[in-house]
Amino acid sequence: MSGIRGLRDYTPDETEKFEFIRQSFTDLARLYSFRLMEPSPMEALETLEAKSGPGIRNEIYFFMDKGGRELGLRFDLTVGITRYACEDRGAQLPIKLASFADVFRYDEPQKGRYRWFYQWDIETYGSAHLESDAEMIDFTGSLLSKVGIKDYIIKIGDRGVVEEYIVKRLGRRGEQAIELMRALDKVDKKTNRELMEEYTAKGFGEYEVRKVLELGRIEGRAEEVESMMKEEGVSTQRMMELADLLKGTGTNFDICLSVVRGIDYYTSVVFEAFDANEQGIGSLAGGGRYDSLPKLFGRDDLPATGVAGGVERLMLAIGDRKALEKGQRIYVAYTGGKIKEAISISSLLRRMGKEVMVDLQRRSLSKQLEIASRSGYEKVVIVAPEEISRELVIIKNMKDKTESRVELKSLSKEIL
RNA sequence: GCCGCCAUCGUAUAGUGGUAGUAUCGGGGCCUGUGGAGCCCUGGGCAAGGGUUCGAUUCCCUUUGGCGGCCCCA
């Protein structure tokens, strides 16, 4: 028996890490005043196509329902959240929404890449100002450091800058301009020579490919990028302002013109976040401004910016780093047939909020202690006939191997 | 969707054209009032289907799944 391609089960260990990330995210979303919501898991195929065109069919799950409607499973959260925000015409601006949910993609599965995975996502609608973009980047940095990835780097690009350069200096527009931007996107993955071959074969001139690749290699402090672009006569004012805003937030970022993001609907600021110590996983989060999507949903007045990240990739990046602080766990052991008493004491402890394990296999005391010990319980409450008849239980400290007898009544104090 | 590599107990690994060991894990005992050890017993496997063969876990094909690359992206 094998699972379904690209899907898998979450093990208890993974779920622990998963819940830690979920909680970090929802806590942080609250701190930044994003309201949590979840868009519906399916959309009309038409709605899903709005974002990326009919080509998206190759990458998603879609089907016809029993009523003949063409539906698809959501492949990200942005589409659904945007549809929701656009429908809410009475909402005060900006609309700030957050979501943490699963999405589906019909892709070839590989490491850190599944057909069913979770994303965290925040979006802000109604603000065309850079402050809202800065907040996305700031949030992303905060989330990564909150989950323990201190060595993150957020690479910020600006499609506007790149487009202006391509149009002004190279005279390419439309599809061809987009094609050249794709080349930029690959700069980190392939060598100049490979890209030169690939793109001259597509009909681009050597000169323009070389210039684009030069552009893609620009990475560094905002000021450096500014002076380089100035020579080319391209305005970088927006990037500079954004960088300025971010300096006050303690976010680790770089200006990097090779970041353009694959999706066509992004309009200006785009960014991707990476773990500096983990190259293989790919980007941990990506986002940017996409004013065009709300327009497709009939809202010309709703500029939009957002960021989304893959939870599984984050789990990979976190690795074995301690995820959740475990609470005090207590093992309740018994002997002399005092199961009933042990269960009632367990119940008492649980009402106090303790994590309690009690033997369900009717094992011998020595076996119970062995298991408690091996499973890392620091405290064991032993329920034994002689003591229980005097309203006492034994508390055994597994670390220093000491034990004491305490009154049942004062168990709550003693167990702390 | 395309190309390549791979597939043995839950996990990790040996091995073989005559149906499989080992380690670890699981269950039990020594030991139903005191533990992480030890010893003993025990459960569990050749991904599925087809072909070649007297006989296939082993060779071949297909499917399924995993990994890597393309593409795309998280």
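Sequence lines set the chain letters: A, B, ... in the order given, protein chains first and strands last, and positions in each chain run from 1.
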(request) Would you indicate which nucleotide in B:G1, B:C73, B:G35 comes nearest to any side-chain atom of A:Y106? (result) B:G1

(request) Report yes if the distance between the aromatic ring centroids of A:Y118 and A:F18 is under 6.0 Å, otherwise no. (result) yes

(request) Determine the interatomic distance between C1' on B:G17 and the same-named atom on B:U42; round to the nearest Å. (result) 32 Å

(request) Before accepting this row, confirm whether a basic side-chain N of the pair A:E197/A:R193 lies closer than 4.0 Å to the acidic partner's carboxylate O. (result) no

Using atom types as modelled, flag every donor-acceptor pair under 3.5 Å from a side chain in residues 54-64 of chain A to any protein atom, sequence neighbours excluded.
{"from": "A:R57", "atom 1": "NE", "to": "A:E49", "atom 2": "OE2", "distance (Å)": "2.6"}
{"from": "A:R57", "atom 1": "NH2", "to": "A:E49", "atom 2": "OE2", "distance (Å)": "3.2"}

(request) Output all residues satisfying side-chain contact (heavy atoms from CB on, under 4.5 Å) with A:A273, sequence neighbours left out; order by chain, then residue number. (result) A:T140, A:L144, A:I154, A:A285

(request) Before accepting this row, confirm whether a basic side-chain N of the pair A:R74/A:D102 lies closer than 4.0 Å to the acidic partner's carboxylate O. (result) yes

(request) Run the ring-centre check on A:F100 versus A:W120 and record whether the distance is less than 6.0 Å. (result) no

(message) Measuring only the P atom in each nucleotide, how far is B:G49 from B:U13? A whole number of Å is fine.
(response) 26 Å

(request) Could you work out the separation of B:C60 and B:G28 based on their C1' atoms and round it to a whole Å? (result) 45 Å

(request) Name the closest nucleotide to the A:R313 side chain, picking from B:C25, B:C73, B:U34. (result) B:C73

(request) Quote, to the nearest angstrom, the P distance that separates B:U58 from B:A74. (result) 42 Å

(message) Can you check the distance between B:G55 and B:A14, where both ends of the measurement are the P atom (answer in whole Å)?
(response) 31 Å

(request) Give the nucleotide from the list B:G36, B:U32, B:U34 with an atom nearest to the side chain of A:S364. (result) B:U32

(message) Could you check whether A:R115 makes a cation-pi contact with A:F104, meaning its NZ or CZ is under 6.0 Å from the centre of the six-membered ring and within 45° of the ring axis?
(response) no

(message) Taking the minimum atom-to-atom distance to the side chain of A:Q119, which one of B:G36, B:G33, B:A74 wins?
(response) B:A74

(request) To the nearest Å, give me how far apart CD1 (A:I149) and P (B:A74) are. (result) 17 Å

(message) Using atom P in both nucleotides, what's the gap between B:C73 and B:G65 to the nearest angstrom?
(response) 24 Å

(request) Using a 4.0 Å heavy-atom cut-off, write out nucleotides 66-71 of chain B from 5' to 3' as B (base contacted by protein), S (sugar-phosphate only) or - (no contact). (result) BSBBBB

(message) Within the 4.0 Å heavy-atom criterion, would you say A:A384 contacts the bases, only the backbone, or no part of the nucleic acid?
(response) base

(message) Can you check the distance between B:C9 and B:G27, where both ends of the measurement are the C1' atom (answer in whole Å)?
(response) 15 Å

(message) Closest approach to the side chain of A:K367, judged atom by atom: which nucleotide of B:G29, B:C72, B:U34 is it?
(response) B:G29

(request) Answer with yes or no whether A:E403 presents, from its side chain, a donor or acceptor under 3.5 Å of a partner atom in the base of B:G35. (result) no

(request) Ignoring hydrogens and angles, answer whether the base of B:U34 and the side-chain atoms of A:E370 contain a donor-acceptor pair closer than 3.5 Å. (result) no

(message) Taking B:G51 as the reference, what is the distance to B:G1 when you measure between their C1' atoms (whole Å, please)?
(response) 29 Å

(request) Assign each of A:A372 and A:G310 to its nearest nucleotide of RNA chain B by heavy atoms, then name whichever residue's nucleotide is nearer the 5' end. (result) A:A372

(message) Taking 4.0 Å as the cut-off, does a side-chain nitrogen or oxygen of A:R363 come that near to OP1 or OP2 on B:G27?
(response) yes

